[in-house]
Protein chains: 2
Amino acid sequence: MEAQPRRVRLTREEAKAQTRQALLNAAFEVFSRHGFNGASVDLVAETAGYTKGAVYAHFSTKEDLYLALLDEHLSEDTPDWIEQLEEGAPVAEIAAQIEAQLPEDLERIRAWAMMTLEFFLHAMRNEQVRTRLAERIERGRAEYMGSLEKRYRIDRTGIAPMSLVHLATALMAFENGLSLLGLIYPEILATGIYSETLTRLIGE
Amino acid sequence: MEAQPRRVRLTREEAKAQTRQALLNAAFEVFSRHGFNGASVDLVAETAGYTKGAVYAHFSTKEDLYLALLDEHLSEDTPDWIEQLEEGAPVAEIAAQIEAQLPEDLERIRAWAMMTLEFFLHAMRNEQVRTRLAERIERGRAEYMGSLEKRYRIDRTGIAPMSLVHLATALMAFENGLSLLGLIYPEILATGIYSETLTRLIGE
DNA sequence: GTCTATAGAACGATAGAC
DNA sequence: GTCTATCGTTCTATAGAC
């Protein structure tokens with residue numbers, strides 16, 4: 001909209017964006033430690049170095065804050081390998097990469113699984129929230145489907161092994177289910193589970 | 001231990017077993033309506049027509065009660081199709097059967113998904129409970145593995161498509177994940193998702 | 001001077017202690 | 001059943017960017 005400012009000092013918009021980001025980072029920390037219910041808006045604000053007023057200037061409710069965090073997660077934490085999937089890279093290679101990063105990502109995955117769990121329960125008890133969460137699931141599935149479509153167009157055979165809606169659904173279910181089981185029984189996240197299952201589902 | 005009684009009146013053991021079953025039935029009803037945390041032992045007892053004393057005579061804690069319920073569920077709600085799986089019946093046929101029953105089972109599935117969710121969270125915060133729940137997951141997986149092993153021995157090819165541990169894990173993850181997503185976004189449980197995915201994973 | 005991001009007090013609801 | 005603490009949310013005052 002405007003010319004880039006030359007000053008070191010932030011413009012109001014930049015400062016606002018920075019505050020928002022600081023609040024989201026704090027929210028991740030607090031939500032993942034205390035769960036959605038256990039986390040207080042006060043603590044989120046304090047962790048970010050602000051007060052409640054700042055939170056409510058950026059997010060209209062606590063649910064809104066969580067959903068914004070989820071949106072950030074959904075648009076941020078996938079792109080590395082989804083691109084390779086679209087380009088037709090061998091699944092084994094992609095999966096091996098995922099698995100190699102797994103020990104490093106484990107804590108983040110666990111944190112998300114816990115937050116998700118509690119927010120799911122919360123959403124079950126409030127129709128409006130449930131709908132908004134369902135939208136995110138649908139959006140995630142659509143994204144998967146788009147990538148799979150690209151892949152199978154590029155693929156030498158050009159033939160998908162099964163309905164893309166169902167394949168996308170199955171992939172999401174598998175990932176979510178595995179994170180869930182891994183929460184209780186971490187040994188289940190053994191090497192090879194990703195690469196074998198994804199290869200089996202998606203094809204070579 | 002003793003010879004069978006000839007009286008119409010129940011033996012003490014039979015009466016005890018009957019009470020236990022009544023308590024489990026009541027527990028299912030109350031837990032699925034109020035969740036694990038929300039359910040009070042008092043209400044479970046009352047629903048079954050007993051008092052707290054009866055509950056604690058059969059189960060040492062509320063967790064114990066839930067785990068007993070889970071054990072019943074695990075040993076009861078699978079056998080129909082696991083047998084067919086072992087006998088090498090076509091997966092499409094098995095899956096079609098599951099899907100045909102799905103509308104009927106939906107409420108039960110949802111109830112279990114909700115209870116599971118809440119109990120998972122509870123288990124995450126108590127190491128002892130977590131271990132006991134992990135045992136159930138492991139037991140379930142072992143059962144799956146046994147069935148798959150039988151199937152692939154019978155199967156004309158005799159060759160499993162992937163590591164049986166991982167296949168069993170993937171099946172569990174898929175089922176759990178799908179129930180979970182279905183809680184928030186019921187439309188995801190569309191016809192064909194089971195048959196296509198199971199066929200793809202297990203083989204024809 | 002105007003506008004707005006944020007602080008912080010105030011309110012209503014709820015859960016737990018006793 | 002009463003009291004208290006806590007928490008989500010709303011409201012208002014203010015400091016500082018423009």
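Note that these values count all heavy atoms, side chains included, but never hydrogens, waters or copies made by symmetry. The chains referred to below are lettered A, B, ... by the order of the sequence lines, with proteins before strands, and numbering in each begins at 1.
Glu46(A) places its CD atom 14 Å from the P atom of dT6(D), with the value rounded to the nearest Å. Across the protein-nucleic acid pair, Lys62(A) atom NZ and dT6(D) atom P stand 15 Å apart, rounded to whole Å. Between the CG atom of Asp64(A) and the P atom of dT10(D) there is a distance of 11 Å, rounded to whole Å.
Among the protein residues, Ala39(A) comes within range of the sugar-phosphate backbone only, with heavy atoms under 4.0 Å from sugar or phosphate atoms but none that close to a base.
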Identify each donor-acceptor pair in which a side-chain atom of residues 20-29 of chain A lies under 3.5 Å from a protein atom, sequence neighbours left out, and give them as a table.
from, atom 1, to, atom 2, distance (Å)
Gln21(A), NE2, Asn25(A), OD1, 3.1
Gln21(A), NE2, Glu72(A), OE2, 2.8
Asn25(A), ND2, Gln21(A), O, 3.4

Next item on the list: Could you please spell out the steps behind the side-chain contact (heavy atoms from CB on, under 4.5 Å) verdict for Thr47(B) and Leu43(B)?
Entry: CA-CA 6 Å; Thr47(B) 303; Leu43(B) 185 56; 4.0 Å; yes

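Remark: side-chain polar atoms of Glu196(B) are not paired, donor with acceptor, to backbone N or O of Pro161(A) under 3.5 angstrom.
Taken to the nearest 0.5 Å, the CG atom of Leu167(A) stands 5.0 Å off from the CG atom of Leu148(A).
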Find every protein N or O atom lying less than 3.5 Å from an N or O atom of nucleotides 4-13 of chain C, and list the pairs.
from, atom 1, to, atom 2, distance (Å)
dT4(C), O4', Arg12(A), NH1, 2.9
dT6(C), OP1, Thr19(A), OG1, 2.6
dT6(C), OP2, His58(A), NE2, 2.7
dA7(C), OP2, Thr51(A), N, 2.7
dA7(C), OP2, Thr51(A), O, 3.4
dA7(C), OP2, Thr51(A), OG1, 2.6
dA7(C), O5', Thr51(A), OG1, 3.0

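Trp81(A) and Tyr144(A) have tilted rings, their planes meeting at an angle from 30° to 60° on a 0 to 90° scale.
Proximity of Val165(B) to Arg141(B): side-chain heavy atoms (C-beta onward) are separated by under 4.5 Å at one or more points.
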